[in-house]
There are 2 protein chains.
Amino acid sequence: MAEHKKRFETVIQKLKDRGCKITPQRLGIVKILTESEGHPTVEDIYSRIKKEFPTMSLATVYRNIVLIKSCGEVLELGFPDGSNRYDGYKPYPHPHVICIKCKKVVDPDLDSLEGMKKEVSTETHFKILTHRLDFFGICSSCQEKNE
Amino acid sequence: MAEHKKRFETVIQKLKDRGCKITPQRLGIVKILTESEGHPTVEDIYSRIKKEFPTMSLATVYRNIVLIKSCGEVLELGFPDGSNRYDGYKPYPHPHVICIKCKKVVDPDLDSLEGMKKEVSTETHFKILTHRLDFFGICSSCQEKNE
DNA sequence: TTTTCTGCAAATGCTTTGCATGGGA
DNA sequence: TCCCATGCAAAGCATTTGCAGAAAA
């Protein structure tokens, strides 16, 4: 997973360039975000780092996410129920497939999206800047469990 | 706008069938939801009905939306910043184009979505149940204003 | 040493809920 | 009359913010 490490370095460098200080908490947050295993929630990040730094505060997680978002280095997948997820590995808009049972998040490859963007632009005369596409369903292992 | 009126009747009938009482507040909420002009927010609904019923409470709007959602008769467009919007005219999942300046919401016609759903299903082995697709950009009138 | 960052706690903003009253059917 | 619905206020929850002390650089 050299790619994840590269992302980690990129984000840290960008923060340094901005004059931000590199604290252990910040390092931990960037590491988890860029690994992006399972597209972690704020709570995921918080509890993982709390193991190493028991004084870790939720506010610090939130503040760092705001910071890294402002650098454009993390994609926020906001959900209205407050279960937001973050992707610092692929920080640009891309489609997601989400299992409504186990909450797993998968990134599919979709060729047709670019064409769709043009289609929308032509039809509505909007200048399209970004998008959000989520599919919700049941993943294969949850289908087998068949509950 | 006979279609909107038909939707209104459908929803009211469904509520009656459920044994719900038809109060003036509820009528107002269903009317605004099924007209769905501009995909209203909770606050839109609240302030419009408050003109007729000054005692109207926000809690009543929320409770009725929960009720109507549970009938599958309104689509909730949830946003993480709490500016949720509702569509009782087309209560099924469909793409939206949203102006980030004036917050206008437009429903485009997209043929390619069904194919995309199959593509995702084949690739990920998920059983796809629903989806959410939003495009964000700048509408033509906001482009002219050019701010 | 200087400036930013962190941890804590209080504040915020949307949404939900408990409870007593009011109003459909 | 009998419940369901409403209004109000309090409670919930995720997130943000103010402030003083801690830690990068």
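Since the structure is predicted, the reported quantities are computational estimates derived from the model, not experimental observations.
Annotation: cation-pi geometry satisfied between B/R132 and B/F79 (NZ/CZ under 6.0 angstrom from ring centroid, within 45° of ring axis).
Each of B/I22, B/T23, B/L27 was compared with B/Q25 under the side chain to side chain contact (heavy atoms under 4.5 Å, CB included) criterion, and only B/T23 meets it.
Remark: side-chain polar atoms of B/E123 are paired, donor with acceptor, to backbone N or O of A/D109 under 3.5 angstrom.
Taking the six-membered ring for Trp and thresholds of 30 and 60 degrees, B/H39 and B/H94 have ring planes inclined between 30 and 60 degrees apart.
The aromatic ring centres of B/H131 and A/F136 sit 6.0 Å or more apart.
Remark: C1' of C/dT6 and CG of A/N64 are 9 Å apart, rounded to the nearest angstrom. Here C/dG13 presents its C1' atom at 11 Å from CD of B/E43, a figure rounded to the nearest Å. The nearest whole Å value for the distance from the CZ atom in B/F53 to the C1' atom in D/dG7 is 14 Å.
The phosphate of D/dC8 (OP1 or OP2) has no side-chain N or O of B/S57 nearer than 4.0 angstrom.
Note: the hydrophobic cluster containing A/V105 does not contain A/Y89 (ILVMFWY, side chain heavy atoms under 4.5 Å, direct or indirect links).
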Report task. Any chance you could lay out the side-chain contact (heavy atoms from CB on, under 4.5 Å) test for A/E119 and B/D111, step after step, and finish with the verdict? Result -> CA-CA 10 Å; A/E119 197 180 335; B/D111 317 315; 3.9 Å; yes
Do any N or O atoms of the protein come closer than 3.5 Å to N or O atoms of nucleotides 16-21 of chain D, and which pairs are they?
unit_1 : atom_1 : unit_2 : atom_2 : d
D/dG18 : O6     : A/R63  : NH1    : 3.2

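Remark: B/K127 engages no residue in a salt bridge (charged side-chain N to carboxylate O under 4.0 Å, His left out) (not counting sequence neighbours).
Of the residues in residues 15-32 of chain A, those lying under 4.0 Å from DNA chain C by heavy-atom distance are A/C20, A/K21, A/T23, A/Q25, A/R26.
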